[in-house]
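Residue numbers start from 1 in every chain, and the chains themselves are labelled A, B, ... in the order their sequence lines are given, proteins ahead of strands. All values reported here derive from a predicted model rather than from experimental measurement.
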2 protein chains.
Amino acid sequence: MKLTVLGCYAATPRTITNPTSQILEIRNHMFLIDCGEGTQVQLRKNKLKFSKINHVFISHLHGDHFYGLVGLISTFMLLNRQTDLHVYGPKGIKEIVLLQLRYSNSFTGYNLYFHELEAKTSEVVYEDEKVVVKTIPLKHRIYTNGFLFQEKVGDRKLDIDAVREYKIDACYYQKIKNGKDITLDDGTVIPNDELTFDPIKPKSYAFCSDTMYDESIVPLIQNADVLYHETTFLETEADKAEKTMHSTAKEAATIALKANVGQLILGHYSTRYANIELFREEATTIFPNTVLADDGKVFEYD
Amino acid sequence: MKLTVLGCYAATPRTITNPTSQILEIRNHMFLIDCGEGTQVQLRKNKLKFSKINHVFISHLHGDHFYGLVGLISTFMLLNRQTDLHVYGPKGIKEIVLLQLRYSNSFTGYNLYFHELEAKTSEVVYEDEKVVVKTIPLKHRIYTNGFLFQEKVGDRKLDIDAVREYKIDACYYQKIKNGKDITLDDGTVIPNDELTFDPIKPKSYAFCSDTMYDESIVPLIQNADVLYHETTFLETEADKAEKTMHSTAKEAATIALKANVGQLILGHYSTRYANIELFREEATTIFPNTVLADDGKVFEYD
């Protein structure tokens, strides 16, 4: 699992900072999470093969989280993309994108699917044999969802030395990986745990931006390996956080602590702060394993 | 008159090039012409005080000419702009911007006026005592206008030594600048040309992007001091130019020649060309005073 932060600052794009956008690489997927203005340039700067993006998750319809989407969709069009593209986001996202394509008399050569979200409780929005993605309903000024990306428990890992020793034919390998015991030609039953190792522990990533402090998300993100939680303000501006329905670093850390996550990544800093290290300092008083997102920063999890 | 090119490449924004956007500073105005994605960052990079922009002219509704507009409008909102903002562009621009503001539950604290264009012949879209702006109907795949910015003939310039010599009171200065003769107390009539110099020759700038070769614009831009004319392709790709309703460098130069403009600025290069100098070489065979636009380039005209 690998997270590349393309932008993690609130409000307006600037010469040195970008609005929210992330790439989560997980089990051969390249998921794009939010898409502020300039995301396609950030993708290029970070040398990410963005033709591999097939799923885009938009948290909410504030500009700093989606103004780059229509441009990315248009660029895919100009690059003659053929692969389907799926967009998951609040109701309205389809109307906004299609209106602009219609006025420009443009049509995508690829299938563009919108999965509009309206539910107020968590729901599965994407699932395949390896990964499941669920919404995390958040409390912000407009309808907003975070997203929880969970790897599924994979196959058991084949102990290649063991299967060779027993001279087991390769055609049984998948059966073994599925956890089945094997009966040899002489009738001996080899229990599965002699032929396999435990599967890789599945990882999970919870993306929560933007939201006020909201304990109701804790059960949803319980024990997540990694939590990205917004912190637009420091405690010294707690009044502004409350008024604009954002969180402080301390509040983000409190959610991380209550949810018992492995690591907390902070982001969505207000551009009023010149030194983002202050966010980490505030959060670590509550939750020690806190790190700072920054544009271009990569987090890898083995 | 001063032109700052913020972006002058066709199609998609890249790490090193930007889609169309320009700032024309003329008679104390700061006009924004087109607003591709990333324009607000380009304004910051070029250290332009963009709170001074009160008028935005959008040529057409292809993404590379207006996807940055809604972000700029939102940024003005976040910066607590109070001054009116006027947007001139094709019918549809208002619906596109307001739809996005509505879904984000955002309201501008300043007055935002849309002047939607539908006319197929040239019309005056802005006028004050110093400047007039007219549309230049262009031929492209969708409804498109260029814009002609013309300074008006200003007041005559006061010959301060002369008026002092005749001991003329300052309360008559405006009358003199308006071209009137002056009668002294002793009855002597001083003709205006003894008291003034000719006014500064008014300048004009014609912005034409995007368009196929179209001689019908020649009378509209006749004798313009400066013509910016798109050239997406070279003559070697004339078939692509024709198909996509764009121009070649040679065609842009031919328009400049027929219109007898002072200078031709080329731009809107397809990103397929690594060396834009080829555009200048092709155009100068027809129109020698051809220069190349490039992102961040400034042209000043005294």
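- Considering only heavy-atom pairs separated by less than 4.5 Å from chain B, the leading option among Q42(A), H60(A), R14(A) is R14(A).
- Nearest heavy-atom pair, G267(A) versus A293(A), reported as atom, atom and distance to 0.1 Å: CA-CB, 4.4 Å.
- Interface remark: of the candidates Q100(B), K91(B), R141(B), R102(B), Q100(B) forms the most heavy-atom pairs closer than 4.5 Å to chain A.
- Looking at I96(B), both its backbone and its side chain come within 4.5 Å of chain A, counting heavy atoms on both sides.
- Between chain B and the options P13(A), A11(A), S74(A), heavy-atom pairs under 4.5 Å are most frequent for P13(A).
- Taking the six-membered ring for Trp and thresholds of 30 and 60 degrees, Y88(B) and F57(B) have nearly parallel ring planes, at less than 30 degrees apart.
- With hydrogens and angles ignored, the 3.5 Å screen pairs no side-chain donor or acceptor of N54(A) with any backbone N or O of M30(A).
- Contact of T271(A) with chain B is not made at all, since no heavy-atom distance falls under 4.5 Å.
- If you look at H268(A) and H229(A), their ring centroids are not closer than 6.0 Å.
- The part of L101(B) that comes within reach of chain A is its side chain, from C-beta onward, which places non-hydrogen atoms under 4.5 angstrom from that chain.
- Only the side chain of L78(A) comes within contact range of chain B, with heavy atoms under 4.5 Å apart.
- The nearest pair of heavy atoms linking S247(A) to A241(A) is C-CB, 4.3 Å.
- Both the backbone and the side chain of T15(A) come within contact range of chain B, each with at least one heavy atom under 4.5 Å from a heavy atom of that chain.
- Rounding to the nearest 0.5 Å gives a distance of 7.5 Å between OG1 of T108(B) and CE of M77(B).
- Proximity to chain B is absent for every atom of I93(A), based on heavy atoms less than 4.5 angstrom apart.
- Residue with the most contacts toward chain B among G63(A), G38(A), G36(A): G38(A) (heavy-atom pairs, distance under 4.5 Å).
- Residues I53(A) and L85(A) share a closest heavy-atom pair of O-CD1, 3.5 Å.
- For chain A, the nearby parts of T75(B) are the backbone and the side chain; heavy atoms of each come within less than 4.5 Å.
- Among all heavy-atom pairs drawn from G68(A) and E37(B), the shortest one is CA-OE2, 3.8 Å.
- The part of F66(A) that comes within reach of chain B is its side chain, from C-beta onward, which places non-hydrogen atoms under 4.5 angstrom from that chain.
- Your options are D64(A), V70(A), N105(A), and the one with the most heavy-atom pairs under 4.5 Å with chain B is V70(A).
- Ring centers of Y126(B) and H29(B): under 6.0 Å apart, within the cut-off.
- In this structure, the portions of E95(A) lying under 4.5 Å from any heavy atom of chain B include both its backbone and its side chain.
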